[in-house]
Amino acid sequence: MDRSELAARLLATFLDELDEQLRALDADLLALERDPGDAEHLKSVFRVAHTLKGASRAAGVRPIEEVCHALEAMCAEARDAGTPLAGSQVALLFAGSDALADAGRRLRAGDDPGASPVVVELLQQLRRRATEDHGERRRPAPIISIPPSAVSSESGVRVAETTPPSDPAPVVVMAPVGARDDQLRVGARQLDSLVAAAGELLGMTGTISDRPAAAESVAESIRAWRTDWRRASGEFRRNVERSASSPVLAAALTSVDDHLAKLDRQVAELARALGDDARLLAGTTSRLVENVRRLRMRPFADIAELLPRAARDVAASLGKEVQVTVEGVDVEADRTVLDALREPLLHLVRNAIDHGLEAPAERARVGKPSEGRIVVRAELGGNRLRVVVSDDGAGLNIASIRGALADRGRPVPTEDRDVARSLFESGFSTRRVATAISGRGVGLDIVRTAVERLGGTVDVDWTAGVGTTFTIEAPVSVATLRALTVIAGGQVFAIPTTFLERLIRVPREEVRSVEGRNVLPLGNAPVLLTSLVRLLGPPLTETPLATHLNVIVLAAGGRRLAVVVDELVDEREIVVRPLEYAGEEAAVHFSGAALLDGTRVALVVNAGALVSATGRSDGRGSSMGLGTEARAEPRQWHILVVDDSITTRTLEQSVLSAAGYRVTTAVDGADAWRLVQDGGIDLVVSDVEMPRLDGLGLTEEIRRSATHATLPVILVTSLDKPEQRARGLEAGADAYIMKSSFDQDTLLGIVRQLLGDAT
């Protein structure tokens, strides 16, 4: 490993350690702020500063080392003197935490941490303090007074400069023989690659599970053939044996019997072996997928530790008092889920302080303690993670929300609960003047969007004068889930079973119309009925309605929705992979894709977001219905993607499907040529290096064909030499794209150009 590679690895490790240590530092500082004389938490702050100082030195991050050294010296001074920290000193330590966090953000972005204004100003103050202490050693250290103007919600405490005392000689501590760390850091990309491989294995397992039945069918055919042979050849055999005129023919008949018997035994044994192997593979795959899922699990504490510090800063800026209690810190969920919930939870906590909790004087007037209380609780319900953020504030002011909706010209729902849910709409706020914390109408919309992208839901409940509760429900894991696979508009979709209330087959005449919308009378209230094709929109096209409808009843966030699909396929465990190149619109409808077998890919429907959208006052739900009339649809081009790499096939299929094209995949040139001959293909996107028939051979076959000679062909390959590109064009390819510089916009631009598609 060369020096630059080692430095990069050290820096990455240091940044992970910095995040962990800063979470611990903020927790200790919050405790010190409540009790400045707490010696144990002071020691803990000292240890964090000392640890980060050594780590930053090893990683070569001098500005962080300087900050940590100065903070360490301040803590050591208070510890040795045995005196409580002054409020200004605690504030300075908080500013140090902010400076370290800002330096870490700059390092991750590739910027110079020493150029951070927060770091520069903090170091200036710390150096000045150290210089003053050095010149007046016999006098007590002055208490730093920090005026209100020096406090900023963005940069923390602004302070002035000093020179740190010279570093003490480094101390080398040898670990005891045999001591070792049983923890192993695994990069997120490596873990994601492992998840992707597990997904491919799960798809292959599903395919292989069908092989024993196929082999058994062959065995049955052989047994039937053997029986037919015995009947047909019996009389002829007896005549041959009686005449004894042809011993060669008799021996041949006996040999056929023997070979058929042997073939019967061998195929039966093969079918049994395939069955055993398939069961073994299924069991191993199941354990692997479960272990991979567990590898991605992290405790809720990873994101909850940020909340008390964030609450403290917001409360201080608003002149409010707050205590944050976090429950369920040991509850585990997929790291991707927790990362996605980090910002929504911060928004909800800030929102609770800003909008929910009253000012101390108002709380005293209504008989509440001056200190408001926020509880953040995580809990598991089956395979769902539920996170509740509740406060003991004034609750929602429904009249104010109604007035704000009316002022903005938005529909005003009649039900209070629907009025409350309007808070999650983009651009909505009850504040007339925006502040640094709220009023821009993006906070709760960000919460809803982030949660729905996970395939989750968020809802609000309240009691006037008592408090407000926001409840987030999200999958525990987005890597693996149980799903129902369905077909709609010719495409395979996977719907997470957690949103399934029931599956029913409904006679078409049972559909009712209420206010121009189709509904099903289920239970006490009619349920809106629409088709999955209508929900997802173009390029999907609806098929003619049958006399009986396959209906899936979805439930999320207290709402229900009945969805019609063309066909119910099966229920299975799937490994979900992200749609990295699908665009914003696809991210609203889908939470990922899953490989079902060697060629089929199912889009994972964001069922929670679809159900939520039907009841939102943005008008989406009002236009939904189960239309029976034929709709004129624009032509949907049919593209064939050919590649022996399942990853590349999935990527290209996702890009093209998201752009509105119908996509079929093939695993090599021979498979692709068969599909081309079947007809209906408008364009081919092919790899070059493939088994059986490569991309060049496929292109030549297409060009030699009188029927398909004009079919556009795009070659996508890693072969980048000029002579290799020339070979592709000589074979008749219309375009040649390098995988090393693959860009979805380039691919889509070429496809549209070749198809003459102006959309």
Side-chain angles (χ1 to χ4, degrees), residues 449 452-453 487-494 531-543 576-596 599-606 609-610 613 620 631-643 645-667 672 675-676 680-687 695 710-717 733-759:
T449 302
E452 287 183 353
R453 283 184 177 177
I487 296 176
Q491 170 67 45
V492 182
F493 298 98
S531 68
L532 187 58
V533 169
R534 280 282 181 107
L535 280 170
L536 300 178
L540 298 176
T541 57
E542 286 186 310
T543 56
V576 183
R577 301 179 65 178
L579 295 173
E580 297 179 359
Y581 303 97
E584 287 296 318
E585 184 66 20
V588 173
H589 294 322
F590 308 111
S591 56
L595 183 68
L596 302 183
T599 58
R600 290 191 306 158
V601 174
L603 294 172
V604 183
V605 176
N606 195 340
L610 292 181
R620 275 190 69 181
R631 294 189 300 164
E633 297 287 349
R635 178 177 179 188
Q636 186 182 21
W637 298 103
H638 189 183
I639 298 178
L640 176 63
V641 171
V642 192
D643 202 299
S645 165
I646 190 169
T647 303
T648 304
R649 286 201 309 271
T650 304
L651 166 63
E652 293 173 356
Q653 182 183 39
S654 298
V655 170
L656 293 167
S657 295
Y661 297 105
R662 178 187 170 198
V663 181
T664 298
T665 60
V667 297
L675 292 170
V676 168
I681 302 296
D682 297 306
L683 182 143
V684 175
V685 178
S686 176
D687 186 22
T710 60
L711 183 65
V713 177
I714 301 173
L715 294 180
V716 183
T717 178
D734 296 277
Y736 197 98
I737 300 176
M738 295 304 306
K739 287 184 179 179
S740 59
S741 57
F742 179 83
D743 177 80
Q744 61 172 337
D745 293 332
T746 301
L747 174 62
L748 292 175
I750 294 173
V751 168
R752 288 169 182 145
Q753 179 182 352
L754 293 176
L755 291 175
D757 186 1
T759 59

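What you see below is based on every heavy atom in this structure, not just the backbone, and it leaves out hydrogens, waters and symmetry mates.
Distance check, rounded to the nearest 0.5 Å: CG of Leu610 to CG of Leu536 gives 6.0 Å. A distance of 11.0 Å separates CH2 of Trp637 from CG of Leu754, quoted to the nearest 0.5 Å. The OH atom of Tyr661 sits 8.5 Å away from the CG atom of Leu683 when rounded to the nearest 0.5 Å. Between the CG atom in Leu640 and the CG atom in Asp682 there is a gap of 10.5 Å [rounded to 0.5 Å]. Rounding to the nearest 0.5 Å gives a distance of 9.0 Å between OG of Ser686 and CD of Glu652.
Residues Gly489 and Val533 approach most closely at N-CG2, 3.7 Å, considering heavy atoms. Of all non-hydrogen atoms in Ile681 and Val676, the two that sit nearest each other are CG1-CA, 4.3 Å. Here the shortest heavy-atom pairing between Leu715 and Gly695 reads CD2-O, 4.1 Å.
Screening Asp643, Val716, Val642 for a side chain to side chain contact (heavy atoms under 4.5 Å, CB included) with Asp687, the sole residue that qualifies is Asp643. Between Val684 and the options Ile639, Leu711, Val641, a side chain to side chain contact (heavy atoms under 4.5 Å, CB included) holds for only Leu711.
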I would like to know whether Leu656 and Leu748 meet side-chain contact (heavy atoms from CB on, under 4.5 Å); could you show each step before the answer? CA-CA 7 Å; Leu656 293 167; Leu748 292 175; 3.8 Å; yes
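With hydrogens and angles ignored, the 3.5 Å screen pairs no side-chain donor or acceptor of Asp734 with any backbone N or O of Ile714. For the pair His638 (side chain) and Gly680 (backbone), a donor-acceptor distance under 3.5 Å is present.
For Leu603, the side-chain contact (heavy atoms from CB on, under 4.5 Å) criterion is met by Gln491, Phe493, Leu579, Phe590, Ala593, not counting sequence neighbours.
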